[in-house]
Amino acid sequence: MRILFLAKRFYMHHDAPVDRYGRLYYLPYELSRVPGNSVLAISIAYREAEDLKQPEGQDLDWRSMTLSPTKPGSFFTLFRRLKAISQQF
């Protein structure tokens, strides 16, 4: 089964995918450990952060994108990127 997991990147003052912290990290991680599952986890940062493309293993691919509230059109750019990635997945 292919699973697309969307979450926010910063959680309780931690960078969830980098610090491997909290349910926003461990939920897709545990889903990817189930035989037959392939998980693409995308975390959305609401403040400036580098985009992250971090393969976690054979069945978990973790990516991050930034949604900047100060840049006009940021939401639409993010939506187009998410749509393209989900169609490829």
Side-chain angles (χ1 to χ4, degrees):
M1 178 181 354
R2 293 182 301 161
I3 301 169
L4 178 63
F5 186 85
L6 298 174
K8 64 182 183 175
R9 180 171 174 175
F10 295 97
Y11 175 69
M12 301 290 291
H13 302 287
H14 289 274
D15 190 347
V18 173
D19 297 340
R20 297 181 181 199
Y21 178 80
R23 64 179 176 241
L24 298 181
Y25 172 78
Y26 283 102
L27 189 58
Y29 174 75
E30 292 297 330
L31 286 171
S32 73
R33 294 181 62 196
V34 176
N37 282 356
S38 178
V39 179
L40 173 59
I42 299 176
S43 59
I44 299 170
Y46 50 86
R47 60 184 182 214
E48 291 300 320
E50 289 186 25
D51 285 352
L52 174 70
K53 186 177 178 185
Q54 170 182 342
E56 284 292 326
Q58 187 176 359
D59 296 320
L60 175 60
D61 184 18
W62 197 288
R63 300 181 191 187
S64 177
M65 299 175 196
T66 303
L67 174 64
S68 177
T70 60
K71 293 181 183 175
S74 178
F75 176 77
F76 297 109
T77 302
L78 177 70
F79 181 75
R80 282 195 304 270
R81 287 177 65 190
L82 286 173
K83 184 177 177 183
I85 288 171
S86 66
Q87 289 174 344
Q88 291 173 359
F89 180 65

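- Within 6.0 Å of CZ in Phe79 there are 12 or fewer heavy atoms belonging to other residues, nucleotides or ligands.
- Thr66 contributes atom OG1, which lies 9.0 Å from atom CG of Leu78 (distance to the nearest 0.5 angstrom).
- Taking the six-membered ring for Trp and the full ring otherwise, Tyr29 and Trp62 have centroids separated by 6.0 Å or more.
- The closest side-chain heavy-atom distance from Pro28 to Leu60 is below 4.5 Å.
- You'll find the side chain of Asp61 stays beyond 4.5 Å of the side chain of Val39, heavy atoms only.
- Note that the CD atom of Gln88 and the NZ atom of Lys83 stand 13.0 Å from one another [nearest 0.5 Å].
- Proximity of a side-chain donor or acceptor of Asn37 to a complementary backbone N or O of Leu31 within less than 3.5 Å is detected.
- With sequence neighbours left out, Ser86 forms a side-chain contact (heavy atoms from CB on, under 4.5 Å) with Leu4.
- The two residues Ser38 and Phe89 come nearest to each other via the heavy atoms O-CZ, 3.3 Å.
- For residues 31-46, the salt bridge (charged side-chain N to carboxylate O under 4.0 Å, His left out) pairs, not counting sequence neighbours, are Glu30-Arg33.
- Counting heavy atoms from C-beta on, the side chains of Phe5 and Leu27 come closer than 4.5 Å.
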For this session: Please step through side-chain contact (heavy atoms from CB on, under 4.5 Å) for the pair Ile3 and Leu40, ending with a clear verdict.
Result: CA-CA 6 Å; Ile3 301 169; Leu40 173 59; over 6 Å; no
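- If you run side-chain contact (heavy atoms from CB on, under 4.5 Å) between Ser43 and each of Arg63, Arg9, Met65, only Arg9 comes through.
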